[in-house]
Asker: 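Questions regarding the structure given below will be posed in turn.
We use all heavy atoms of the structure for the numbers below, so side chains are in, but hydrogens, waters and symmetry mates are not.
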Amino acid sequence: MCFKNLPITFDDNGKARLVDGINDPYAVAVAEPRDFVRGALNRRSAGALAAPPRLREWSIDPVTRVAGALAVHTVLDLETRTAVEAHSMAMLFRGYEIILKGRDPRDAIDISSRACGVCGGVHASVSSLAIEMAFGIKPPPLGVCVRNLGEVAEMFYDHPLHLGLLAGPDYSTAIVSVTNPELVELASRTLAPHADVHGYVTIKDIMDGFNPLEGSIYLESLEYTRIARKMCTLMYGKYPHPSTLVPGGVSTTVSTTTFNEYYANLGLIFDYAKRLAGIWDDICDFFLEANPAYSDVGLRPSNLIQTGIWDDLEVYDATYANIDAWGQARYSAPGIIKEGELLTTKLTEINMGIEEFVEHSYYEDWTTNGNGSGNGSGNVPFPTDALGNPLSPYHAWNKETIPRPEGKNFKDKYSWATAPRWDRTSMETGVYGRMWTTAMAQQLPDNPYIEATGDGLRMLLPAHDLPETELFWRVPAKLNAFERNRGRAYGVAFTAAIGMICLMQAFEYWRKGETRVSTPFKVPRDERVAAGFWEAGRGYLTHHMHMDKGRLLNYQINTPSTWNASPRDPFDNPGPYEQAIMGTPILESVGDDDIKGIDILRTIRSFDPCMPCTTHMDTGRGVITREVNSCGCTLE
C-alpha cells in the first residue's frame with residue numbers, strides 16, 4: 001500500500017480510487033500547536049528540572065535562499081546544549097503564479113526562469129515539459145539530448161557553488177578555530193585518507209582550503225562554476241536565463257564543434273568530481289569520528305520526494321497517459337522514500353499524493369470561504385487526473401494563490417512558503433534524494449558508467465588528467481547534515497556520468513544525421529491540463545498548468561525550497577528545516593556566551609539554501625527565564 005494517511009486504495013488491477021464510505025475523504029482537522037520547548041523540558045531528568053532551564057532564543061535573519069529572504073527562529077536549551085524549537089520563515093512574496101495568469105503559455109518559460117538566478121534553466125525546462133504535455137508534442141531525440149546536457153551543466157554550476165562557497169566555509173579553519181579549536185589541532189595531526197586523489201595531506205589542509213575568499217577549495221569552486229556556465233551556454237545559448245528552451249525541444253544551433261567543446265569541459269569535471277568526493281569523504285568522516293554526536297546534527301527521518309530528471313530519448317513522449325513509463329525510464333529515478341523504504345517510482349502516484357497547505361502561510365485557504373479551517377468541502381475543479389486517479393482539493397491543479405499577509409506569529413501565519421506534503425507527511429528533497437531513489441529503484445537504462453546496486457550507486461568516471469576511477473556512494477544509515485553534503489559531492493560524479501551517457505548519445509544521433517532539435521507546434525485553443533515534472537539542483541520541481549483559449553487560467557510552481565523550507569502544516573508537523581534543527585546538538589566547545597550557532601547553520605545549509613551572501617545571528621542576550629515565549633508574537 002502506497003498511502004497510509006490519505007484514503008486512497010488500489011483495486012486488483014492497480015487502479016487508484018478513494019476508500020468507500022468516507023463522506024469527506026480529504027477533511028483536515030487542524031491540530032492545536034504543540035509546545036516543543038516544554039516537551040523537551042519534560043524529557044529531562046528530575047535533577048535537571050529542579051533548576052530553572054537555561055533557554056535562549058536565537059534569530060537567524062536573513063538566511064539567503066528563498067529570494068534572499070529566509071529567516072529561522074530557534075530556541076536553544078543551554079542546559080542540554082540542544083535546539084528544542086525552530087520556525088522557518090520565508091519573508092518575501094514573489095507572485096509568479098499570479099503574474100502568469102492570463103498569459104500565453106509560452107511566456108511561462110521565460111517568466112518562471114526568473115524565479116531563481118541559480119537555477120533558471122531548470123524552471124525553463126520544466127515549463128517546457130508542462131507545455132509539451134499541454135500542446136501534445138514531443139521533441140526529437142537530439143532535442144531531448146541537448147536539454148539533458150544543458151541540465152547536466154546546470155548541476156555542475158549549482159553543486160560546486162554550494163559545496164565550496166556555502167557549506168564548505170562552515171568546516172573551514174577560520175570557523176572551526178573559533179567554535180571548536182581542539183578539532184583544528186586534531187585535524188593538523190590527522191592524515192587525509194584520499195590525499196593521493198585531492199592533494200591535501202592533512203584534514204587541516206582541507207579545512208584551510210575551505211577558508212572563505214582565500215582558501216584553495218573555495219577559489220577552485222568559483223572556477224568550476226565558470227566552466228559550468230560555459231557548458232550551459234553551449235547547449236542553451238546563454239545562462240542563467242536561457243531563451244532557447246521551447247516547447248518541443250530547443251532552438252539552439254548545435255554543431256559538431258558544440259559537442260566537442262562540451263566534451264573537453266566535461267573531462268575537467270571528471271577530475272573535479274573525483275577530488276570532490278574524496279574531500280567530502282575525508283571531512284565528513286573526520287568530524288563523525290572525532291565526535292559521533294555530529295551524526296545528530298540536522299538529523300531527521302529519511303522521508304524523501306523526488307520527481308526525476310534526464311529523460312530517455314526513445315521513451316519520453318510528453319504524454320500524461322505514459323507518464324509512469326517515461327518517468328521510470330529517466331536516468332535519475334522519481335520516487336517516494338518513507339522511513340528509508342522506497343514506496344513508489346510512479347509519477348502518477350507521486351502526483352496524486354501531493355497536497356499544499358497554508359494554515360501557517362500568508363495565503364488564504366482556497367478550499368473554504370477564507371476561514372482557514374481547511375475542511376476541503378465543496379466542488380473542486382479537478383477531482384481526478386486525466387487517468388481517473390483521485391486528487392485532493394489541496395492539489396496543485398486545484399490550488400489558487402490568494403495572498404493574505406495576516407497573523408504574523410508562530411501560532412497563526414509566519415511564512416510566505418506554503419506547506420507541501422505527500423500523504424500528509426513532511427518530505428525533503430535534494431540531489432542525495434535523487435541518488436537514493438535511483439539506487440533503490442535499480443531501473444537505470446543500460447549504460448557503462450552507472451550501476452544501481454540497491455544500497456548505493458557505483459559510478460565509473462573516465463580518465464582525464466586523473467586515471468579512470470570507480471566511486472561508490474552508499475545509501476546513508478542516517479539522513480543528517482554531513483550525509484546531505486557528502487551526497488551532494490557524490491552527486492557531481494553522478495551527474496558527470498549521466499553527462500557522458502547523454503553526450504555519447506548526441507554523437508550517435510549526429511553521426512546518423514538525425515540533427516533536428518525541435519518540433520513545430522501550434523498553440524491549442526481548447527482547454528488543456530498538464531504538468532511538468534523535473535528536478536532542480538536541490539531536487540523536486542513541478543509546474544502544474546491549466547489553459548483555455550490559448551491563455552493560462554492557472555499556473556502553480558512547486559520548488560525544492562517550498563518543500564524544505566516549509567512551515568508547519570495543519571496537523572502541526574514541522575517542515576524539514578524545522579524538524580532537522582529541533583534536536584540538533586550544540587557541539588561547540590566554547591562557553592554559553594560565545595556560542596555561534598554553527599551546528600544550526602550547518603543544518604540549514606546542508607539543505608543547500610543557495611547563495612548566502614550574509615547570515616546574521618541575533619544571540620538574544622536577554623534574561624533567560626523558565627517561561628519562554630516561542631510564539632514570536634513580539635517579532636513583528
Asker: Salt bridge between Lys596 and Asp170, side-chain N to carboxylate O under 4.0 Å?
Answerer: no

Asker: For Thr82 and Val84, indicate whether the former's side chain and the latter's backbone hold a donor-acceptor pair under 3.5 Å.
Answerer: no

Asker: Any donor-acceptor pair under 3.5 Å linking the side chain of Lys238 with the backbone of His241?
Answerer: yes

Asker: Quick test of your reading of the model: are Arg538 and Asp608 salt-bridged, counting only N-O distances below 4.0 Å?
Answerer: yes

Asker: Determine whether a donor-acceptor pair (N or O, by modelled atom type, separation under 3.5 Å) exists between the side chain of Thr418 and the backbone of Val358.
Answerer: no

Asker: Taking the six-membered ring of Tyr490 as reference, does the cationic atom of Arg474 (NZ for Lys, CZ for Arg) lie under 6.0 Å from its centre and within 45° of its axis?
Answerer: no

Asker: For the side chain of Lys413 and the backbone of Ser361, is there at least one donor-acceptor N/O pair under 3.5 Å apart?
Answerer: yes

Asker: Could you report the tightest heavy-atom contact between Val590 and Val178, atom names first, then the distance?
Answerer: CG1-O, 3.4 Å

Asker: Does OH belonging to Tyr96 count more than 12 external heavy atoms closer than 6.0 Å?
Answerer: yes

Asker: Closer than 3.5 angstrom, by distance alone: can the side chain of Asp311 be matched with the main-chain N or O of Asn148 as a donor-acceptor pair?
Answerer: no

Asker: Just one of Ile206, Ile283, Leu191 clears the side chain to side chain contact (heavy atoms under 4.5 Å, CB included) bar with Tyr200, so which one?
Answerer: Ile206

Asker: Does the Asn211 side chain pair with the main chain of Ala174, one donor and one acceptor, at a distance under 3.5 Å?
Answerer: yes

Asker: Between Glu154 and Arg147, does a salt bridge (charged side-chain N to carboxylate O under 4.0 Å, His left out) hold up when you go through it step by step?
Answerer: CA-CA 11 Å; Glu154 187 166 26; Arg147 186 159 63 194; over 6 Å; no

Asker: For Arg484 and Ser606, which I'm curious about, is there any donor-acceptor pair between the side chains at under 3.5 Å?
Answerer: yes

Asker: Does a donor on one side chain sit under 3.5 Å from an acceptor on the other, for Asn564 and Ser561?
Answerer: no

Asker: Do Tyr432 and Glu483 have side-chain atoms, one donor and one acceptor, less than 3.5 Å apart?
Answerer: no

Asker: Determine whether the side chains of Glu151 and Tyr236 contain a donor N or O and an acceptor N or O closer than 3.5 Å.
Answerer: yes

Asker: Verify whether one side chain among Thr437 and Gln306 offers a donor that lies under 3.5 Å from an acceptor in the other.
Answerer: no

Asker: Spell out, as yes or no, whether a donor-acceptor pair under 3.5 Å connects the side chain of Asp271 to the backbone of Leu268.
Answerer: no

Asker: Will you find, in the side chains of Thr559 and Thr562, an N or O donor that is under 3.5 Å from an N or O acceptor?
Answerer: yes

Asker: Hey, are Lys204 and Asp208 close enough for a salt bridge, meaning a charged N less than 4.0 Å from a carboxylate O?
Answerer: yes

